[in-house]
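What you see is a predicted model, and the numbers here were worked out from it, not measured in a lab. Order of appearance sets the numbers: ligands from 1, and atoms from 1 within every ligand. In this chain, residues are counted from 1 in sequence order.
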Amino acid sequence: MTEQKWDPNPLVFLLHFFLYYIYRWRNPKCSGALPPGSMGLPMIGESLQYGPIFKTNVAGWPVIITADPEFNHFLLRQDGKLVDTWSMDTFAEVFDQASQSSKKYTRHLTLSHFGVESLKEKLLPQMEDMVCETLRKWSSEESIEVKGAAVTVSIELNHLPCMTNTWLHVQELHFDIFLPWQMTINFAAKQIFSGDLENAPLNISEMFKDLVEGLMSFPINIPGTAHHKCLQIHKKVRKMMKDVVQKRLAAPERTQGDLLDHIIQDMDTETYIKEDFVVQLMFGLLFVTSDSISTTLALAFKLLAEHPAVLEELTVINEVLRLGNIAPGFFRRALKDIPVNGYTIPEGWVIMIATAALHLNSNQFEDPLAFNPWRWKNIQPSVVSKCFMPFGSGMKQCAGAEYSRVLLATFLHVLVTKYRWAMVKGGKIVRAPIIRFPDGFHFKISEKSN
Ligand code: HEM
């Protein structure tokens, strides 16, 4: 009798592997019961279907999404114990997820240069001058556009899943260029490296807008994709920052008293601060100081033009931040198994604190989609602490929160007290998943006569 040999067919093997992978993906290992949810393409309305804590996937990662105020509040007080920060692949690549000590250093440095003391001692008068000058310039224009160009980048959207019911599904994604962006990035560059971006060889503010688009895209690094473009821009801006750092290192006697001087001084004591770290940090800071504030400002402009009765209300900033959800959520990774409501979030899983869903929750905010700054007058402190966190909450809360609030308040104060404005041409707002203004908004700004 001839012995039958098993002939491993590579196709059969691949098929088995593929089926096993799908089985594992749909039935992830867990020592208890995983929260409900589908691991397939996330769909609109998942939180309605499965409740405030559910599993899904975000850009190919298995993720637990939580819009449960109590659980979020608890989780954000467990940083370093039950959870740690996490970011999507492109963010990690571009912002170079650093060690714990360098993360702490970044927080400390940001607070020293953009925190409350610095705001009181030097930034506030500089901000006022900058805002007055910017508005004076804008008011001399026939009309200003809070968007200059639109580039369609629909390739990635075939792959990019739409995540929660609060993230609008768009077929095409456009890209904007704001005037507020130039204002915020130029101001930040002065604080960071005494930089004069208005006369720089590269138009960084324009480049950063392309970069943002790529940050939210599927991480496929081939020419033509937003991810590839994002990495190319990252390289160019880093090169420019590197030149700045090297010039400063070559002439240490020429101090400017800015954030770059501070880091260079710390190079003697903190061993992890090398040239590359400095470049990366400056790049990251330039980014965070420009994108989110300028988007909030653009949104404030539009909402205020549509609701002139609220001009007197200081609560406007809270309401714009609540509706804007500039960061629709932020991430943590479970350091251990975490029990919640009878389910288990397994160690290593990513958790997204869905702030957008909290901010638009009709149980906490009546008529949540309405722009209503008056709601903040009677709001319960417990709602503010557990259901309103545009800057995060707990130990890792945004280190630029005060700076952002003060810059926004300064801008709106000067605008409201000294200028009138009217929308000349409106446009729609899309979330994909970050907020964008595909058609731009045209305003006419004029100085009040007395
Ligand atoms: C409207 C403007 C802004 C919004 C909505 C915003 C939002 C956020 C959020 C949601 C986080 C994550 C918090 C967490 O993981 O718990 C964060 C972190 C951070 N932000 Fe902001 N941010 C803004 C502006 C800024 C500015 C202007 C700066 C710098 C001057 C800044 C510096 C940082 C830093 C350093 C962190 C990391 C904090 C840490 O891990 O300790 N942000 N921000």
Side-chain angles (χ1 to χ4, degrees), residues 66 72-80 83-88 91-92 95-119 123 127 178 180-181 183-192 208 212 258-259 262-263 280-300 316-333 350-356 358-359 388-412 433-435:
T66 159
N72 291 351
H73 189 72
F74 162 77
L75 215 56
L76 292 173
R77 269 131 202 92
Q78 297 298 322
D79 264 310
V83 288
D84 197 2
T85 40
W86 182 85
S87 35
M88 284 167 74
F91 267 89
F95 293 105
D96 194 8
Q97 285 211 301
S99 66
Q100 283 306 328
S101 45
S102 58
K103 276 187 198 157
K104 268 195 195 146
Y105 178 78
T106 305
R107 183 178 184 82
H108 162 77
L109 190 78
T110 309
L111 287 172
S112 337
H113 288 264
F114 293 92
V116 178
E117 288 311 311
S118 192
L119 279 162
L123 292 183
M127 255 180 204
F178 311 118
W181 194 307
M183 178 185 80
T184 48
I185 200 168
N186 289 347
F187 188 72
K190 290 202 171 83
Q191 315 307 324
I192 296 169
F208 265 35
V212 175
D258 52 20
L259 185 140
H262 187 154
I263 316 181
Q280 194 59 44
L281 188 61
M282 285 169 60
F283 173 84
L285 277 174
L286 264 187
F287 179 80
V288 293
T289 45
S290 52
D291 179 62
S292 36
I293 303 185
S294 55
T295 306
T296 313
L297 262 183
L299 193 61
V316 161
I317 294 171
N318 269 2
E319 188 64 351
V320 175
L321 287 167
R322 183 188 71 81
L323 275 178
N325 290 306
I326 307 305
F330 48 89
F331 297 101
R332 293 290 185 272
R333 186 197 285 269
V350 173
I351 306 166
M352 178 179 167
I353 317 280
T355 41
L358 289 177
H359 295 172
F388 179 61
M389 44 181 84
F391 296 104
S393 169
M395 274 159 50
K396 300 268 175 70
Q397 189 183 22
C398 172
E402 290 309 317
Y403 172 82
S404 308
R405 283 183 182 283
V406 172
L407 182 45
L408 290 165
T410 309
F411 187 89
L412 293 181
I434 39 177
I435 214 160

Does the distance from a Lys or Arg side-chain N to an Asp or Glu carboxylate O, for Asp79 and Arg332, drop under 4.0 Å? yes

Hey, is Glu319 close enough to Arg322 for a salt bridge, meaning N to O under 4.0 Å? yes

re atom 40 (O) of ligand 1, the protein heavy-atom contact at minimum distance is Lys396 CD, 3.5 Å

To check your reading of the model: name the closest protein heavy atom to atom 30 (C) of ligand 1, its residue, and the distance in Å. Thr289 CG2, 3.4 Å

Rounded distance [0.5 Å steps], [atom1] in [X] versus [atom2] in [Y]:
| X | Y | atom1 | atom2 | answer |
| --- | --- | --- | --- | --- |
| Ile351 | Leu75 | CD1 | CG | 4.5 Å |
| Leu407 | Met183 | CG | CE | 5.5 Å |
| Leu285 | Ile263 | CG | CD1 | 7.5 Å |
| Leu123 | Lys190 | CG | NZ | 13.0 Å |
| Gln191 | Thr110 | CD | OG1 | 12.5 Å |

In ligand 1, which numbered atoms sit nearer than 4.0 Å to a non-hydrogen atom of [X]?
| X | value |
| --- | --- |
| Tyr403 | 27 (C) |
| Phe114 | 30 (C) |
| Pro390 | 5 (C), 7 (C), 10 (C) |
| Thr110 | 29 (C), 30 (C), 35 (C) |
| Thr296 | 1 (C) |

Test side chain to side chain donor-acceptor pair (under 3.5 Å) applied to Arg405 and Thr410, Thr296, Asn318, the passing residue: Asn318

Yes or no: does Arg332 have any heavy atom under 4.0 Å from an atom of ligand 1? yes

Region of Arg107 engaging ligand 1 - heavy atom pairs below 4.0 Å: side chain

Partner of Tyr403 by side chain to side chain contact (heavy atoms under 4.5 Å, CB included), out of Leu119, Val116, Leu408: Leu119

Which class fits the ring pair Trp86 and Phe331: parallel under 30°, tilted 30 to 60°, perpendicular over 60°? perpendicular

Keeping to distances under 2.8 Å, can you name the protein N/O/S atoms close to atom 21 (Fe) of ligand 1? Cys398 SG

Distance flag for atom 14 (C) of ligand 1, protein heavy atom under 4.0 Å: yes

Is there a donor-acceptor pair under 3.5 Å between the side chain of Arg77 and the backbone N or O of His73? yes

